[in-house]
Amino acid sequence: MLDKPYGDFANLSPFELKDQLIALASSDAQKLMLNAGRGNPNFLAMLPRLAFLSLGEFAMLEAQRSYSYLDSGFGGLPESQGIVQRFETYAGNHRESEGVRFIRAAISYVKDQLGLDPDVFLFEMAGAFLGCTYPTPPRMLLHTEEIVKAYLVQEMLGPTPSTGNFSLFATEGGTAGMTYIFQSLRFNGLLQPGDKIGIGTPIFSPYLEIPVLAEYGLEVVDIRMDGHADWQFPASELKKLKDPAIKIFCLVNPSNPPSTKMSDAALAQLADFVANTRPDLYIVTDDVYGTFADDFVSIFAKCPRNTLCVYSFSKFFGATGWRLGVIAVHDDNVFDSALAAQPEAEKKRLDTRYASLTTKPRDLRFIDRMVADSRAVALNHTAGLSGPQQLQMALFALNGLMDREHRYKNAAKELIRQRYQTLYRTMGVPAAREPNDVNYYTLIDLQEMGGKLYGPEFEAWFVKSDLGIDFLFRLARETGVVLLPGAGFEVVDTSARVSLANLTDHEYASIGRFTRQILDEYFQDFTKSSMQKSSNPVAGAPKTGSDPSKLMVKTS
């Protein structure tokens, strides 16, 4: 058994452990530190950013018009009347600008495809850039909401017909969306301490860490995906949701870190279960990686009444620093129904909480309560995502809507899938790819890979020695490579999460070689320990001459 000097770090959040690994990987100036631990992409969408800058210049000219007779250095609010005509004059002087061409196309698109008034749309966008007024309404700018709704219909619903209308709340990224959802469920008594929460595991670690905080006090029930069945939910796991004490089911789809979307069969199974067994179940689905999947459909499309859908623009558009996310809620939903069904005493308590907002607090929708709760209710009138952020969000959404040939989407998917192949090829293990795989992340199943490469005796030794955290520190110390532990995301097998979005193809080749190097070193440790116990030849020698197809490891 190996000494495990890093065992004290086993209970850290993987994102806190990352900082320890980075410090170790950076300690040797002779090594290049390669951090594949975070999901921040190293690619970004250029065209909607160019459009942001062009619209910004036009908005500044609009502001200057109001006080152009003064030599004062300040401007005024844009004017709605005739703003598109003035933009056409501006565009005529900037014919070579890609950003200007994008805005012209966007004005035409929102008029013809979304039925929006082009003058009112452009006036809202110019004002949003200037950021000179509070976002009105605070939940989301009117035209931005319609544009982003159209984008979500395209990306989240797929071929599923839309069932009724839904509303959006613009938030500071998907993480703020998660925070506001849990807060409002608790503030409104829809979740109580002692309630159970079903969590689709493996999952992004904050979903595991938030419910057990003292202010929530929820009991976590794992609804575990099957890693040997393309990371889908077995029927036996979904049956756990029959327990009426489980009030809410949280999942990330496509999953993080397995990076696999729910199959059509799995979606149908869950939708049938909710409709016929748990029509009262709350569902929160985080669909940030859906735009990297082929033919993606969200559970929001299949269970519209039960589902809060969280989407972030951060990964697909390379915009983690912009902090752009939305919560989508169907107008007919179980959350409002649950509020209406509360006992009179609870309703009176909430009447007091929201009395400053409306004379009829019981009519206040759950989505609007989230907006108020996000600003301690009293500051509801100044709530909302900033205007410039909402403008950039609208431009990102328009980029997705107007890219009819999906050139950007196809390029992004091809980029991460090429890196996936490079990583496993340089580890010496061909990677099997299933139809539902997305490949934004991959889980390197260290114990399974070790068994394929060196035999079952080594795999058993590796598991018994509990080397997951030790592997990560050894990899960082010896090679400068930083990965995250699968255990921090509730992965059963000893594994490491690799983001395939934030490094170059050449760097993923290095990660693959270094990962194999450390595994080879562990095999040498295993060989030495086995020889000390027995003079017999060590079973499980490296299968370097084996058929590569027999070394195939199912990854995700």
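To the nearest 0.5 Å, atoms CG (Leu364) and CZ (Arg353) are separated by 11.0 Å. Note: Gln418 CD to Thr422 OG1 = 4.5 Å, rounded to the nearest 0.5 Å. Separation of atoms CD1 (Ile248) and CD1 (Ile283) is listed at 9.5 Å; rounding is to 0.5 Å. Note that OG1 of Thr179 is 12.0 Å distant from CE of Met370, once rounded to the nearest 0.5 Å. In this structure, CD in Gln389 is found 9.5 Å from OG1 in Thr171, a value given to the nearest 0.5 Å. The distance from atom CG of Asn380 to atom OG of Ser374, rounded to the nearest 0.5 Å, is 7.5 Å.
In this structure, Gln390 contributes its side chain and Leu141 its backbone to a donor-acceptor pair below 3.5 Å. Of the possible polar contacts, one joining the Thr358 side chain to the Lys360 backbone as a donor-acceptor pair under 3.5 Å is found. Although no hydrogens or angles enter the test, the distance criterion places a donor-acceptor pair under 3.5 Å between the side chain of Arg419 and the main chain of Leu500. Remark: side-chain polar atoms of Glu155 are not paired, donor with acceptor, to backbone N or O of Thr291 under 3.5 angstrom. In this structure a side-chain-to-backbone donor-acceptor pair under 3.5 Å is missing from Ser259 to Asn256. No donor-acceptor pair under 3.5 Å is formed between the side chain of Glu215 and the backbone N or O of Ile210. A donor-acceptor pair is defined here as one N or O able to donate and one able to accept, closer than 3.5 Å; no such pair exists between the side chain of Asn399 and the backbone of Leu395. The closest donor-acceptor contact from the side chain of Asp195 to the backbone of Lys247 lies at 3.5 Å or more, if one exists at all.
For Asp117, there are no salt bridge (Lys or Arg N to Asp or Glu O under 4.0 Å) partners, not counting sequence neighbours. In this structure, the ring-ring contact (aromatic ring centres under 6.0 Å, His included) partners of Phe335, at least two apart in sequence or on a different chain, are Tyr282, Phe366. Under the rule for a ring-ring contact (aromatic ring centres under 6.0 Å, His included), the partners of Tyr151 that lie at least two apart in sequence or sit in another chain are Tyr311, Phe313.
Side-chain atoms of Asn165 and Lys149 include a donor-acceptor pair closer than 3.5 Å. Judged purely by distance below 3.5 Å, without hydrogens or angles, the side chains of Asn253 and Asp287 never pair a donor atom with an acceptor atom. For the residue pair Thr494 / Gln447, a side-chain donor-acceptor distance below 3.5 Å is found, with atom types taken as modelled. Remark: the Ser314 side chain and the Arg323 side chain contain no N/O donor-acceptor pair separated by less than 3.5 Å. Checking Asp373 against Tyr354 by side-chain atom types alone, a donor-acceptor pair falls below 3.5 Å. Residues Ser495 and Asp445 bring no donor and acceptor atom of their side chains to less than 3.5 Å of each other. In the model, Asp230 has a side-chain atom that pairs as donor or acceptor with a side-chain atom of Asn436 under 3.5 Å. Side-chain contact annotation: Gln183 with Tyr216, donor-acceptor N/O pair under 3.5 Å absent.
Side-chain contact between Met449 and Met427 is present, with heavy atoms from C-beta onward closer than 4.5 Å. Using a 4.5 Å heavy-atom cutoff, the side chains of Phe292 and Arg417 are not in contact. Taking the side chain as every heavy atom from C-beta outward, Phe300 and Phe166 approach each other to under 4.5 Å. Under the 4.5 Å side-chain criterion, counting only non-hydrogen atoms from C-beta, Leu114 is in contact with Tyr109. Val297 places none of its side-chain heavy atoms less than 4.5 Å from the side chain of Leu157. Using a 4.5 Å heavy-atom threshold, the side chains of Ile197 and Ile246 count as separate. Residues Leu339 and Arg369 have side chains in contact (heavy-atom distance under 4.5 Å, counting atoms from C-beta outward).
A cation-pi arrangement is absent between Arg278 and Phe273 under the rule of less than 6.0 angstrom and at most 45 degrees off the ring axis.
Checked for salt-bridge contact, Lys242 and Glu237 miss the test: no charged N lies under 4.0 Å from a carboxylate O. With respect to Glu346 and Arg349, a salt bridge is recorded, a charged nitrogen being found less than 4.0 Å from a carboxylate O.
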Let's go through Tyr289 and Tyr441 carefully: what are the C-alpha distance in whole Å and the side-chain angles of both, what is the deciding distance for side-chain contact (heavy atoms from CB on, under 4.5 Å) to 0.1 Å, and is it a yes or a no? CA-CA 10 Å; Tyr289 304 105; Tyr441 301 106; 2.6 Å; yes
What do the steps show when you test Asp368 against Arg365 for salt bridge (charged side-chain N to carboxylate O under 4.0 Å, His left out), and what is the final call? CA-CA 5 Å; Asp368 294 313; Arg365 299 187 304 166; 3.3 Å; yes
I would like to know whether Glu434 and Lys261 meet salt bridge (charged side-chain N to carboxylate O under 4.0 Å, His left out); could you show each step before the answer? CA-CA 10 Å; Glu434 301 291 342; Lys261 72 172 186 177; over 6 Å; no
Apply the test ring pair (Phe, Tyr, Trp, His ring centres under 6.0 Å) to residues Tyr408 and Phe316: give CA-CA distance (whole Å), side-chain angles for both, the deciding distance (0.1 Å), then the verdict. CA-CA 9 Å; Tyr408 180 84; Phe316 188 61; 5.2 Å; yes
Could you go through the salt bridge (charged side-chain N to carboxylate O under 4.0 Å, His left out) check for Lys409 and Asp403 one step at a time? CA-CA 9 Å; Lys409 176 184 283 191; Asp403 185 9; over 6 Å; no
Apply ring pair (Phe, Tyr, Trp, His ring centres under 6.0 Å) to residues Tyr420 and Tyr508 and explain how you reach the verdict. CA-CA 8 Å; Tyr420 169 83; Tyr508 285 109; over 10 Å; no
From CA spacing to verdict: side-chain contact (heavy atoms from CB on, under 4.5 Å), Leu350, Asn188: CA-CA 7 Å; Leu350 294 172; Asn188 284 274; 3.7 Å; yes
Full working for salt bridge (charged side-chain N to carboxylate O under 4.0 Å, His left out) between Glu145 and Arg139: CA-CA 9 Å; Glu145 181 174 14; Arg139 181 165 57 78; 3.0 Å; yes
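Taking the six-membered ring for Trp and thresholds of 30 and 60 degrees, Phe204 and Tyr207 have ring planes more than 60 degrees apart, a perpendicular arrangement.
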